[in-house]
Protein chains: 2
Amino acid sequence: MTRQEATHTQRIFLNRDRVLRAAVALADAIGIDALSMRRLAQELDVVPMALYKHVANKEELLDGMADTVVGEIDPPAVGSDWQSVVRGRILSARRALLRHPWAARVIESRTGPTPAVLAYLDSMAGSFRDGGLSADLTHHVMHAMGSRLLGFSQELFDTSGPSGPPDPGLAAHYPHIAELAATAAHEGGSTVGGGCDDQFEFEFALDLLLDGFERLRRQGWTSTRKA
Amino acid sequence: MTRQEATHTQRIFLNRDRVLRAAVALADAIGIDALSMRRLAQELDVVPMALYKHVANKEELLDGMADTVVGEIDPPAVGSDWQSVVRGRILSARRALLRHPWAARVIESRTGPTPAVLAYLDSMAGSFRDGGLSADLTHHVMHAMGSRLLGFSQELFDTSGPSGPPDPGLAAHYPHIAELAATAAHEGGSTVGGGCDDQFEFEFALDLLLDGFERLRRQGWTSTRKA
DNA sequence: ACCTGAACACCGTTCAAGT
DNA sequence: ACCTGAACACCGTTCAAGT
């Protein structure tokens with residue numbers, strides 16, 4: 001079959017990469033809950049079962065989508081102190097997650113780490129070790145960071161959406177929360193309903209942790225449990 | 001209809017509480033993925049549509065299940081320093097989540113905070129304020145804690161399951177991770193495959209954060225952004 | 001080798017009807 | 001008032017068949 005015939009009949013062969021990239025784009029467009037094998041097949045002008053030649057099942061599709069997003073994280077910077085390297089990489093991971101709002105939930109739902117996640121975590125562990133943290137401390141530091149290593153905000157609820165005017169009943173039932181909300185409104189400066197500055201909160205928590213780790217490193221901290 | 005007749009015909013009327021308690025018990029038993037409206041109805045010896053008189057839809061059922069678990073968290077201790085109060089409450093929340101392994105995912109999937117979560121967060125904010133943290137600092141501290149306030153481990157993957165023997169190929173591809181795994185194996189003392197001490201890692205991260213907050217409080221920290 | 005069609009065993013939810 | 005039965009519009013996935 002010549003290229004012209006292929007173009008004419010619109011028979012472009014599927015492959016794993018095309019499936020994954022279409023899945024990522026579709027999830028970006030319609031949300032992860034609306035992404036079904038059937039809907040994805042429709043997007044690729046193909047019958048649902050055609051997908052199963054390139055992906056064992058939906059879980060494997062989600063694995064591939066997670067790895068696609070993790071693959072977008074920038075490589076580590078060189079020639080900086082370890083805190084800058086780690087900080088910059090995590091902020092890059094956060095930007096990747098913000099580009100694909102469904103990605104955090106998908107990564108979290110994987111039962112085990114995918115190859116790209118393992119590679120990323122290995123690289124991050126290397127950055128801590130290169131910065132002079134012991135293997136012992138690096139281990140606990142990686143656990144303490146947890147999903148934040150991949151740019152997860154770890155907030156309880158997505159505050160980025162439309163927050164509307166503050167509920168007048170809220171202050172009566174939840175006085176302390178109302179007080180904090182008022183604080184945010186004053187600080188934000190811009191729109192009152194806008195709520196919190198997610199980027200500020202993310203960096204506040206990140207820097208608090210990194211500073212804590214550096215303090216432990218300087219103290220020569222080791223876990224006190226028996227060997 | 002007398003009570004005997006009611007007993008004989010097994011017609012026990014449904015109500016919201018009975019539905020929620022059955023849902024929690026069923027999720028504990030068969031896992032959250034297997035919990036469907038149809039399966040829950042079957043457990044209650046009722047036709048699926050009977051549930052919709054007591055719960056608007058499945059989302060509202062999940063809301064109720066989340067609040068049931070959050071309601072199990074112990075009240076705050078009295079007469080201690082703020083760090084002990086907060087720490088004890090969060091460890092209680094963690095125990096509740098460990099009793100209901102599905103709960104973290106369900107709470108996280110709620111689009112907004114449920115009433116029990118709001119009440120809990122308000123109470124926690126109060127504990128920080130009573131400890132002498134400013135409203136400003138308390139606000140950022142609550143964000144920094146995020147889901148950890150409710151006992152979430154925030155780890156990337158569930159390390160508590162059966163971890164099996166270490167993959168021999170892992171050391172070759174991911175040398176830094178292999179080194180950390182070796183550290184954990186030595187420390188754990190007990191079974192080599194057992195992996196990490198989740199409780200230790202949780203308390204390590206928690207105490208690091210609480211210590212950081214107390215340091216900021218002593219310094220009289222305020223967010224430096226314009227008012 | 002790669003794609004198709006029909007079917008299976010499920011979902012959450014509606015609607016109109018029963019008692 | 002509370003529960004039921006049947007149906008609708010979906011799922012992920014199997015299997016045997018097409019080309």
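Labels below follow one simple rule: chain letters A, B, ... track the order of the sequence lines, proteins then strands, and each chain is numbered from 1. Worth saying up front: this structure is predicted, and the values here are computed from it rather than measured. The analysis underlying the following values was restricted to heavy atoms, covering all of them including side chains, and did not include hydrogens, waters or symmetry mates.
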Report task. Tell me, please, which residues at least two apart from Ala77(B) pass side chain to side chain contact (heavy atoms under 4.5 Å, CB included). Result ->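 Result, side chain to side chain contact (heavy atoms under 4.5 Å, CB included) vs Ala77(B): none returned.
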Which nucleotide wins on minimum distance to the side chain of [X], given the candidates [options]?
X        : options                   : answer
Ser36(B) : dT13(D), dC11(D), dC11(C) : dC11(C)
Ala50(B) : dC3(D), dT13(D), dT13(C)  : dC3(D)
Lys58(B) : dT13(C), dC3(C), dG5(D)   : dT13(C)
Lys53(B) : dC3(D), dC3(C), dG12(C)   : dC3(D)

Query raised in the report: Does the pair Arg16(B)/Glu60(B) count as a salt bridge with the N-to-O cut at 4.0 Å?
Result: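 Yes.
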Requested in this report: Just grab all the ring pair (Phe, Tyr, Trp, His ring centres under 6.0 Å) pairs involving residues 18-70 of chain A, residues at least two apart or on different chains.
Outcome: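 Output for this query is empty, none listed.
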[X] has an atom [atom1]; how far is it from atom [atom2] of [N], in whole Å?
X        : N       : atom1 : atom2 : result
Asp33(A) : dC11(D) : CG    : C1'   : 13 Å
Asn57(A) : dC11(D) : CG    : C1'   : 14 Å
Gln42(A) : dC10(D) : CD    : P     : 10 Å
Tyr52(B) : dA16(C) : OH    : C1'   : 17 Å
Arg39(B) : dC11(C) : CZ    : P     : 9 Å
Met37(B) : dC10(C) : CE    : P     : 18 Å
Leu40(A) : dC3(C)  : CG    : P     : 13 Å
Ile30(A) : dC11(D) : CD1   : C1'   : 14 Å

Residues that [X] engages under side-chain hydrogen bond (donor to acceptor under 3.5 Å, both in side chains), provided they are two or more places apart:
X         : answer
Glu43(B)  : Arg39(B)
Arg105(A) : Asp33(A)
Asp28(A)  : His100(A), Trp102(A)
Ser92(A)  : Asp74(A)

Close N or O pairs between protein and nucleotides 6-9 of chain D (under 3.5 Å):
none

Query raised in the report: Is the Phe128(A) ring parallel, tilted or perpendicular to the Phe213(A) ring (thresholds 30°, 60°)?
Result: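 Taking Phe213(A) first and then Phe128(A), their aromatic rings stand perpendicular (interplane angle over 60°).
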Query raised in the report: Would one find a side-chain N or O of His54(A) under 4.0 angstrom from OP1 or OP2 of dC2(C)?
Result: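 So the side chain of His54(A) is outside the cut-off, no N or O lying under 4.0 Å from OP1 or OP2 of dC2(C).
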Query raised in the report: Using Watson-Crick and G-U wobble pairs whose two distances are both under 3.5 Å, how do you write the pairing of DNA chain C as dot-bracket, with | for links to another strand?
Result: ||.|||||...|||||.||
**Report entry** Inter- and intrachain pairs under salt bridge (charged side-chain N to carboxylate O under 4.0 Å, His left out), touching residues 46-56 of chain A, at least two apart
**Finding:**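 Checked against salt bridge (charged side-chain N to carboxylate O under 4.0 Å, His left out) - neighbours excluded - no pair reaches residues 46-56 of chain A.
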